[in-house]
Amino acid sequence: MHLDTFADRRLVMFLSADVVGATAFKASNIGTDGQALWLGAFETLFRELPLIFIGKLAEYFFDEDDLPQSGVWKVMGDEVVFAVLPESVGHAQRVTAAFCDAVVCYDQRIAQRWPLR
């Protein structure tokens, strides 16, 4: 998202998801040649969580013509920060519920593959 997108908005939501146990996981998943064996887990996070969140937004806004404008705003290490532009406080509540559902859903998926939450 470009910063000009926020110029006329009164409400911008920033939603963050961070991986618990990432530092220890990274330290214990380095190959003998220094290769980062942990990289696959984080590539999966950065690819799947945004898709799951968009799917959840679609579920929560099924009765609307459009979804709130949203996207990944920033990635910092093992944290993904989303920016969303809800049209109203009611939309903000739905966005929050959709995000919580997305995080719970992804938490279950990541825990099946790696010792992460």
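Bear in mind the structure is a predicted one, so any value in this text is a computation, not a measurement. Residue numbers start at 1 and run along the sequence shown.
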Item to check | Which atom of Met13 lies closest to which atom of Pro86, heavy atoms considered | outcome: SD-CG, 3.7 Å
Checklist entry - Quick one: which of Val81, Val84, Val80 gives a side-chain contact (heavy atoms from CB on, under 4.5 Å) with Trp73? => result Val81
Item to check | side-chain contact (heavy atoms from CB on, under 4.5 Å) against Asp101, all qualifying residues, sequence neighbours excluded | outcome: Lys56, Tyr60
Checklist entry - What distance separates Glu64 CD from Leu57 CG, expressed to the nearest 0.5 Å? => result 11.5 Å
Checklist entry - Hey, any chance Val95 and Ile54 share a hydrophobic cluster, counting ILVMFWY side chains that come within less than 4.5 Å of each other, even indirectly? => result no
Checklist entry - Are Phe61 and Leu15 joined in one hydrophobic group, where the rule is that I, L, V, M, F, W and Y side chains link up if heavy atoms are under 4.5 Å apart? => result yes
Next on the checklist: A quick test of your reading: do over 12 heavy atoms of other residues, nucleotides or ligands sit less than 6.0 Å from CG of Asp65?
Outcome noted: no
Checklist outcome for this item: The reported gap from CD1 in Ile52 to CZ in Phe99 (rounded to nearest 0.5 angstrom) is 11.5 Å
Next on the checklist: Would you say that Leu45 contacts Tyr106 through its side chain, given a criterion of any heavy-atom pair below 4.5 Å between the two side chains?
Outcome noted: yes
Next on the checklist: If you define the side chain from C-beta out and look only at heavy atoms, does anything of Val103 sit under 4.5 Å from Phe53?
Outcome noted: no
Checklist entry - Tell me, which pairs form a salt bridge (Lys or Arg N to Asp or Glu O under 4.0 Å) where one or both residues lie in residues 76-85, sequence neighbours left out? => result none
Checklist entry - Can you list every pair that meets side chain to side chain donor-acceptor pair (under 3.5 Å) and has a residue in residues 46-55, with sequence neighbours left out? => result Glu48-Arg109, Glu48-Arg113
Next on the checklist: Please tell me whether Val104 and Val20 are part of a single hydrophobic cluster in this structure, the criterion being side-chain heavy atoms less than 4.5 Å apart.
Outcome noted: no
Checklist entry - Would you say Glu87 and Pro68 make side-chain contact, with heavy atoms under 4.5 Å? => result no
Checklist entry - Can you find a pair of side-chain heavy atoms, one from Phe82 and one from Lys74, that are under 4.5 Å apart? => result no
Item to check | Test item: Ser70 and Leu85 side chains (from C-beta on) under 4.5 Å apart, heavy atoms | outcome: no
Next on the checklist: So, taking the atom named OG1 in Thr44 and the one named CG in Leu49, what distance separates them when rounded to the nearest 0.5 Å?
Outcome noted: 11.5 Å
